[in-house]
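What follows is a single structure, written as structure tokens, with notes after it.
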Amino acid sequence: MVTLNINGRNLSVEAANDSPLLWAIREQLQMTGTKFGCGAGLCGACTVHVNGEAVRSCQTAVGDVVGKKVTTIEGLSAKGDHPLQKAWVAEQVPQCGYCQSGQIMQAASLLAKNNNPTKEEIVAHMDGNLCRCMTYSRIQKAIMRAANEMRTAANSATERRAT
Amino acid sequence: MNSHVKMTELQSTDLSRRSFLVGAAASGLMLGYSAMPDALAATAPANFEPSVWYAIAPDGLVTVTCGKADMGQHVASTMAQIICEELGAKWSDMRVSLASNDPKFNDPVLGAQITGGSWSTMMNFDAMSRAGAAGRIALADAAAASMGVPASELAVRDSMISHAKSKKQMSFAEIVKSGKATKTFTPDELKAIKLKTPDQYTMIGFSVPQLDIPDKTRGAAKYGIDVMLPGMAYGAIVTPPVRYGATVKSVDDSAAKKVPGFIKAVTLDDKTATTTGWVVAVANTYQNARKAAEALKITYDGGPNAKLSSESLFAEAKRLQALPDSGEFFVKNGDTAAAFGTTAKVMEAEYTTNINIHAPMEPMNATAEFKGDILHIYTGNQFATRSGAIAAGAAGIDPKYVVMHQMWLGGGFGRRLDADMTVPAVQAAKAVGKPVKVIYSRENDMTMDFSRPLTYQKVKAGLDGDGKLIALNHDVVSAWPTQRWGIPDFLSPSVDKKGPLDAFTVNGADFFYTVPNHNVRAIKNEMAHNATPSGQLRSVAPGWTFWAVESMVDEIAHAVGKDPAQYRIEMLDGKGDNAGGAQRLRNTLLAAMGLAGYGTKELAKGEGMGVACVSSQERKTASWTACVAHVAVAPSGEVTVKKLTVATDVGTQVNPDGIQAQVSGAALWGLSLALYEKATLKDGGIEQTNFDSYTPLRMSQLPEVAVSVIANGEHATGVGEPAVTVIAPAIGNAVFNAVGARVRSLPITAEAVKAAMKA
């Protein structure tokens with residue numbers, strides 16, 4: 001038994017230390033928002049955060065995340081209303097939707113550090129995430145929209161402090 | 001012509017053997033078709049089947065059951081939108097659910113549950129409109145009775161029925177709760193309902209938010225791979241090195257037995273011949289199943305295809321094309337042999353496309369459970385009617401005992417028309433006496449794809465003294481993906497009466513240009529058909545036929561010194577059978593030219609624009625689509641697409657934003673197939689195994705894409721596929737205009753462009 005901290009909760013999984021985090025999350029904990037796409041770190045469908053960094057959970061061993069904070073799409077926001085999730089709806093990004101958990105998690109790790117990314121920075125950060133429906137331009141627009149919302153929120157927070 | 005498309009039925013759905021039900025039940029109001037002889041009998045709650053088009057619950061929520069597979073085209077939402085328009089419900093009250101394989105959910109035109117061909121909207125528009133209208137009428141009648149006013153004075157809007165004079169109103173929820181909505185419709189009454197005219201639309205033509213999207217941003221949408229059943233085991237498959245035809249000689253599971261949780265290795269005995277030489281390792285977790293699969297030592301007999309390669313399939317295609325009596329005629333207009341005797345100039349060219357793999361992001365998977373006499377299959381599938389039968393065949397039971405539980409599809413693109421994933425799930429579940437979820441590795445998924453076949457086309461064109469195209473022989477050699485289904489209705493008679501042909505290998509070659517003498521031969525490459533069982537990949541035949549036609553037309557135009565766009569416009573004169581369609585295609589081409597600024601600006605050195613226009617998918621179901629591609633070609637031959645301008649005439653748009661998404665996605669598929677995707681056969685096996693060797697378009701390769709949709713009030717046509725087919729020829733033609741290099745093989749490589757530049 002290994003205890004993992006996932007989305008703020010300590011959860012026990014029956015998994016060998018060297019087994020992929022992806023399958024522990026999906027099949028044991030039945031949190032299926034994180035997807036299996038390639039098993040080789042080539043597509044990004046399985047992206048989760050470990051201590052805030054985007055990682056491919058199919059290439060991350062369970063033993064390597066013990067004592068660290070794992071966040072999945074289910075834990076990105078309490079009510080599914082992270083600025084990126086709202087932007088994904090506003091821009092009507094998903095088609096089949098299968099890769100989109102990974103896309104959102106990958107994008108969230110960018111915006112956490114840089115809430116004013118250029119298009120080039122977005123492409124560089126997102127290029128490892130495949131979308132077979134080819135929703136790339138809407139993904140870019142949604143990231144820009146979410147970044148804008150986060151900046152606005154940050155600015156108004158600053159203003160409130162100033163007054 | 002394809003026999004499965006009956007245009008008369010597109011106008012008026014055949015309801016002769018059905019009654020339309022509107023009945024009250026404890027659970028709410030349900031509306032849909034029933035095959036039961038006594039429609040009223042079916043209104044009793046005890047007899048109520050959940051298999052109807054939509055239900056209205058006492059809380060007023062309207063749940064539409066979608067019989068089409070939703071693979072990202074938002075078809076469930078589209079069906080809901082069409083129903084909602086006539087029903088008069090509030091969009092926020094609409095919900096969707098996915099249908100099982102109950103025949104009641106069969107497509108009203110196709111008579112089966114199959115999703116493809118960009119058919120869904122055009123073939124369900126009428127039926128869903130009438131279903132919605134019938135519900136509105138039934139609700140209004142009930143409201144009229146409750147209010148004591150004439151139904152004709154009622155207005156229905158936003159799930160509310162109101163009477164202006166008396167200021168009385170009732171919500172859908174109140175009416176359903178009252179249990180008074182009980183009107184039934186005979187087929188004739190249903191047909192007689194006067195539907196709204198487009199000027200009355202308040203839903204159709206508006207970009208309402210797609211109902212499936214919010215769940216897909218929270219990881220909450222359930223795909224086949226997400227199915228969890230109590231007591232379930234997991235299966236990982238081991239597939240042979242040969243795509244098709246191998247047999248298992250021996251399985252040594254001694255090492256697998258050391259894997260914790262290992263249950264059993266099952267060698268598939270597939271009487272449906274969908275798979276050959278597969279073994280499934282079953283264990284308590286997927287990880288253990290995968291480990292056990294890797295630990296199995298299996299020996300194979302490679303079978304008859306074990307030495308074949310892409311090169312041998314191309315060589316066989318060329319051999320077949322050269323035989324005078326190969327194949328069957330799909331088009332035979334005029335007398336090409338006589339016409340070639342009179343031509344001033346003859347041009348010949350070969351066009352090829354390589355094997356392409358679907359690779360939807362969700363790898364193939366299925367979960368099977370035997371419960372009493374019933375076999376339950378959980379998977380996202382595009383062809384429940386046939387896939388249920390394949391699963392039954394794998395289980396050795398009658399198809400009527402199979403329930404297909406539809407899931408959201410993590411990409412379809414035609415891949416999930418096939419049922420191979422059900423076979424290991426069924427046979428593993430049977431062997432271990434538990435439900436089993438089988439998940440393909442990406443390597444299984446790619447090497448065992450029912451791929452877009454490798455194609456070889458030879459085109460011979462004859463021109464008169466004025467440079468007019470007067471004779472065209474077009475031979476198309478490929479595996480026959482649709483013949484593989486074994487369903488006669490999906491084959492078409494050949495015009496030379498040599499027997500049925502697979503029109504899904506030649507659709508598009510029956511174009512709308514006026515060419516007085518025109519032959520198209522469909523030639524089956526039996527060797528390829530056996531070695532690489534092919535499937536329907538987004539757009540199917542028009543994805544290769546227009547590559548040949550639209551490249552050749554361009555070559556001819558250049559050879560006679562005419563602008564390629566203008567040359568097309570002259571051939572789209574709308575004469576004879578081409579009337580109507582040709583003009584729509586011409587207008588669409590002109591629209592794309594205008595939007596792209598074709599011919600209006602000086603382009604930089606090494607840059608060029610190229611045009612193409614297509615009537616994909618089928619002649620009878622065409623969406624008129626044109627593209628202007630703007631490319632830059634480096635001295636190395638590397639092609640960069642700067643912009644794709646696509647115009648498409650879809651008649652009527654249900655959800656404009658959804659159409660934008662589909663058309664731009666299709667166009668980018670076209671780009672990906674044109675430049676980035678290539679699979680190869682070697683020693684009978686597909687060489688590419690994952691996204692490092694099979695490389696669909698990524699974000700960094702994204703060009704600017706501008707899509708303009710023409711909605712001129714004609715019947716709604718499909719949008720999921722046509723734009724795929726127009727891109728490759730537009731790019732090829734643009735490359736020629738940029739650097740004078742003609743490429744005739746897909747994908748277009750820098751090496752091929754550079755070689756053609758030197759030539």
Side-chain angles (χ1 to χ4, degrees), chain A residues 14-16 19-20 23-24 26-28 30-40 42-43 45 72-74 76-77 79-80 82 84-90 92-102 104-105 122-124 126-140, chain B residues 70-74 207 209-210 212-223 225-226 228 234 260 285-287 290 358-363 408-413 437 439 441-443 657-658 661-662 664-669 671-672 690-692 696-702 704-705:
Chain A
E14 191 108 26
S19 66
W23 297 106
R26 281 188 53 81
E27 303 294 343
Q28 287 207 39
Q30 303 203 356
M31 298 164 75
T32 54
T34 304
K35 301 303 189 195
F36 165 58
C38 69
L42 298 167
C43 78
T72 70
I73 186 72
E74 290 90 347
L76 182 64
S77 62
K79 293 178 179 170
H82 184 282
L84 281 165
Q85 291 169 307
K86 288 194 284 178
W88 245 245
V89 173
Q92 296 278 286
V93 175
Q95 289 186 26
C96 91
Y98 192 80
C99 73
Q100 301 294 350
S101 297
I104 290 169
M105 295 308 285
I122 291 173
V123 170
M126 301 300 296
D127 209 34
N129 287 65
L130 270 174
C131 173
R132 193 58 163 140
C133 302
M134 316 279 183
T135 65
Y136 299 120
S137 70
R138 290 189 183 208
I139 289 172
Q140 289 175 355
Chain B
D70 201 318
M71 52 197 124
Q73 81 283 42
H74 308 300
S207 296
Q210 309 285 2
D212 53 309
I213 282 184
D215 275 356
K216 290 176 176 176
T217 67
R218 297 193 289 255
K222 293 294 178 196
Y223 302 84
I225 203 168
D226 301 329
M228 303 284 171
Y234 290 82
T285 67
Y286 182 66
Q287 258 321 100
R290 182 53 53 206
H358 296 80
M361 293 311 299
E362 180 194 11
W408 296 98
L409 278 64
F413 316 117
K437 172 156 73 173
I439 304 170
S441 67
R442 179 56 65 186
E443 290 75 13
D657 184 67
Q662 282 303 297
S664 62
L668 292 172
W669 257 80
L671 167 59
S672 195
N690 210 319
F691 292 119
D692 49 353
L697 183 89
R698 287 181 183 269
M699 189 183 277
S700 56
Q701 295 161 321
L702 184 71
E704 186 183 351
V705 181

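FYI, side chains are in, hydrogens and waters are out, and symmetry mates aren't considered; it's all heavy atoms of this structure. Reminder, nothing fancy here: chain letters follow the sequence lines and each chain counts from 1.
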For chain B, the option from [options] that forms the most heavy-atom pairs under 4.5 Å:
options	result
A/Ile139, A/Thr72, A/Leu42	A/Leu42
A/Cys99, A/Ser19, A/Pro20, A/Ala15	A/Pro20
A/Glu74, A/Lys86, A/Gln140, A/Gln28	A/Gln140

Looking at [X] and [Y], what are the two nearest heavy atoms and their distance?
X	Y	answer
B/Gly219	A/Ser101	CA-OG, 3.7 Å
A/Gly37	B/Pro363	O-CG, 3.7 Å
B/Arg442	A/Phe36	N-CZ, 4.1 Å
A/Cys38	B/Phe691	CB-CD1, 3.9 Å
B/Tyr223	A/Gly97	OH-C, 3.1 Å

Side chain / backbone / both / neither for [X] at chain A, heavy atoms under 4.5 Å:
X	answer
B/Asp212	side chain
B/Pro696	both
B/Trp408	neither
B/Ser207	neither

Pairwise side-chain contact, A/Trp88 with B/Ile213, heavy-atom cut-off 4.5 Å (strictly under):
no
Side chain to side chain, B/Gln210 and A/Gln92, heavy atoms closer than 4.5 Å:
yes
Distance, nearest 0.5 Å, that separates [atom1] of [X] from [atom2] of [Y]:
X	Y	atom1	atom2	value
B/Asp70	A/Cys96	CG	SG	9.5 Å
A/Leu130	B/Met699	CG	CE	10.5 Å
B/Phe413	A/Arg132	CZ	CZ	6.5 Å
A/Glu27	B/Met228	CD	CE	4.0 Å
A/Met134	B/Gln662	CE	CD	12.5 Å
A/Gln100	B/Thr217	CD	OG1	9.5 Å

Which portion of [X] sits near chain B, non-hydrogen atoms under 4.5 angstrom:
X	answer
A/Ile104	side chain
A/Arg26	both
A/Ser137	both

Who among [options] has the most heavy-atom pairs with chain A under 4.5 Å?
options	answer
B/Gln73, B/Lys222, B/His358	B/His358
B/Ala661, B/Pro214, B/Gly411, B/Ala221	B/Ala661
B/Gln287, B/Arg218, B/Met361	B/Met361
B/Ile439, B/Thr285, B/Leu409, B/Asp657	B/Asp657
B/Pro209, B/Ser664, B/Ala666	B/Pro209
B/Ser700, B/Gly665, B/Ala667	B/Ser700

Using modelled atom types only, decide if a donor and an acceptor are shared between the side chain of A/Lys35 and the backbone of B/Glu362 within a distance under 3.5 Å.
no
Could I get the full list of ring-ring contact (aromatic ring centres under 6.0 Å, His included) partners for A/Tyr136, not counting sequence neighbours?
none
